[in-house]
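Indexing begins at 1, ligand by ligand and atom by atom, following the structure's order.
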Amino acid sequence: MKTAPQNPARLLDALRKHFGFSAFMAGQEDVMRHVLDGKDTVVIMPTGSGKSLCYQLPALLLNGVTLVVSPLIALMKDQVDGLAARGLPATFLNSSLTPSELAARMAGLDQGRFKLVYVAPERFRNRRFLDTFQRLETSLLAIDEAHCISQWGHDFRPDYLRLRPVAESLPKARIMALTATATPEVRSDIVKQLALGEGGRSEPQVLVHGFERPNLRLVVSRTARHADKLRRVRLALKTYPTGIVYCATRKQTERVAAMLADTGQPCCLYHGGLPDEQRSAIQEKFMRGGLPVVVATNAFGMGIDRADLRFVIHWDIPGSIEAYYQEIGRAGRDGKEALCELLFNFVDVRTQEFFLEGNNPAPELIRTAWNAIRRECAGGPVTRSLEEWALFVPVGRNEMAVRTAFAILEQAGLISRETAPGDRTYTTRLVEGADVSALDAQLTYLAEKRRRDERKLKAMLRYVDARGCRHAYILNYFGEHNISPHCQACDHCRESPRQAGRAPTEEEWVLAQKILSCVARMKGRFGCGRVVEVLLGSKAAPVLERRLDKLSTYGLLKGHKSSYVRAVLDELIRDGCAAVADGEYPLVSVTERGLAAANRKAVPSLVWPELPKRKAPAAGGIDAVADRLYDPALFEALKAWRMRTAKAQHVPAYVIMHDKTLKAIAVVRPQTLAELENIKGIGPSRVARYGDALLAIVDAAAPASDDSRE
Ligand code: ADP
């Protein structure tokens, strides 16, 4: 492989000359050196960190052509316009061009007029393009948004699978796969799917740069109702000029945009169901600064390169940390502070569960789709939209699931599809001589994918509940371990500025030893909550059923407050004495450092929570206060609800909730789930089960004598 001249001064000169930038952004030079050295690279750099330049500048320095595969037409146009404005010979080929324009550009390619050519992955379905492509001297194949090739990623696109043979047909070219978001798992899948390091290619360099986005202020707000969410969004609109409100569904964008109609701030809505022209118009207007706020689904994103977004609010929880980080990554690209707030309501998780179902349809749905296609296409190819095909697949009638089923059948090599020009229909045909058993392999694979998607959603939910630094949580998730655990930019770090840890007092030492030995005895098979229950000697059914009451550490910390024990356990985790698994369940286990600490061979350095007074039998306190102050009408309403609920579940009323808890609710009048959760006797599971119902009752009962409330 030929290498281009790459003396450092020349590279910088080229940067200045061609792009007018005075210096490289973090990581760019490193990546370029590898490329110019002839190496294959997997480049993982966050949104806005200047990934495009990593192939644009080498493209100008290398002989031949650089082919850039990118999934979004709007993105290509922007990039090519940007390059053209600098006098750099670039073009793009996609379905937005007229046939004559396309032919002219292809001819230009043949004549060597372009150094950089952007194409969408589906271009590799096109015979004419493939012919031209084979004649080109391609020195660099850059694959943007490379996570789309991984079915483990959050944005898999079947057309990306076509890129493996493309890469294989270019043994002399360097390959560069770029993405902003990739877990270590996805990274190795990108390498595998593109066959990098195989068939005579040397191992690729995986270059990870600058995932930290310290200017993003990460906040999670627990919101019980739409009204709470609306309040938060209105506040952001009042405080900041520009941003995006992401919703999980098209319908939701419409509702939210309508709710915000009276803010005086022009909020535009955007989703994949709008006509193409309208979508491009909105995107262009937004990019030019003509639209301050967009309420959108995740269809609004790739290619949003506006530096001054001051907020990205998620009305609904997304399905994975990957998706979340990519979406909030669009905020604050100018390096100034930007708010990234997630408005969390437990019921929103259902939408993500629905998507999970749609992306991972049941095997019987896929088989039904296969039988329908076999029947319908027996006489030859059939051109139909997915909506039409959905009528032939009676299982579930979930269009999303039908779409996935078709993609799976295509991957299994049983069918082939081509987009019919000009509309959203496909021409589907049976692949002659296909091996039907390939479908079984796909189904096994799908089952695995489903588990992975479930894990991703759980990791997203854990982000909501995470107690430590939110930046650290995300970076850890992406496999960056060399990071400060305190950012000063998330709600947790800001609310409780990190103090320096200190060695324990004698009493604290003993306590830490007890906790660590209990974690060790539970052998990494349980979560933190269960460990605390065992230490406190809980008689909860799961503790007794798993015979955890037989452990020698059972009840060792009886009489302590569970919140205190949990806080110490969390600190031990932060200090590296215990670790929480990344897998499906957040199982906690003791580390080597923890074992050393348990034997007093290492000194844990914790921010010790204040040791509270032991629980004494209630002889006043909140119960007595609640007895004096509660609102009797609300208490009665709560009791009536409890009776209905207990009846429905065939359990005694006290199992649902104690009187004193209901009284406390009738004193506090919680407005949000978070406030409700603060009430003694109400834990996260009660909030999840009854939270909305309780808040609705509080909402419905007018306060007895308090005119200061809203
Ligand atoms: P990404 O693809 O990583 O999201 P882009 O390649 O779109 O990021 O770059 C983000 C912005 O940074 C663009 O406006 C680009 O022109 C600018 N940029 C890239 N490299 C440099 C540099 N070395 N100096 C200044 N600005 C740069």
Find all protein N or O atoms under 3.5 angstrom from an N or O atom of ligand 1 and list the pairs with distances, or write 'none'.
residue: ligand 1; atom: 3 (O); partner: Gly48; partner atom: N; Å: 3.4
residue: ligand 1; atom: 3 (O); partner: Ser49; partner atom: N; Å: 3.3
residue: ligand 1; atom: 3 (O); partner: Gly50; partner atom: N; Å: 3.2
residue: ligand 1; atom: 3 (O); partner: Lys51; partner atom: N; Å: 3.0
residue: ligand 1; atom: 3 (O); partner: Lys51; partner atom: NZ; Å: 2.8
residue: ligand 1; atom: 4 (O); partner: Gly48; partner atom: N; Å: 2.6
residue: ligand 1; atom: 6 (O); partner: Lys51; partner atom: N; Å: 3.3
residue: ligand 1; atom: 6 (O); partner: Ser52; partner atom: N; Å: 3.0
residue: ligand 1; atom: 6 (O); partner: Ser52; partner atom: OG; Å: 2.5
residue: ligand 1; atom: 8 (O); partner: Gly50; partner atom: N; Å: 3.2
residue: ligand 1; atom: 20 (N); partner: Gln28; partner atom: NE2; Å: 2.8
residue: ligand 1; atom: 23 (N); partner: Ala23; partner atom: O; Å: 2.8
residue: ligand 1; atom: 23 (N); partner: Gln28; partner atom: OE1; Å: 3.0

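Judged by distance alone, the side chain of Arg201 and the main-chain N or O of Asp40 form no donor-acceptor pair under 3.5 Å.
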- Where do Tyr118 and Gln79 land on the side chain to side chain donor-acceptor pair (under 3.5 Å) test, with the steps shown first? CA-CA 9 Å; Tyr118 286 78; Gln79 296 239 354; 2.7 Å; yes
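One distance of note links CZ of Arg123 with CG of Leu102; it measures 5.0 Å at 0.5 Å rounding.
The cationic group of Arg86 does not satisfy the cation-pi geometry with Phe19, failing either the under 6.0 Å distance to the six-membered ring centre or the 45° limit from the ring axis. Both tests hold for Arg306 against Phe286: distance to the six-membered ring centre under 6.0 Å, angle to the ring axis within 45°.
Paired with Leu218 under the rule side-chain contact (heavy atoms from CB on, under 4.5 Å), one option of Leu342, Ile328, Asp491 passes, and it is Ile328.
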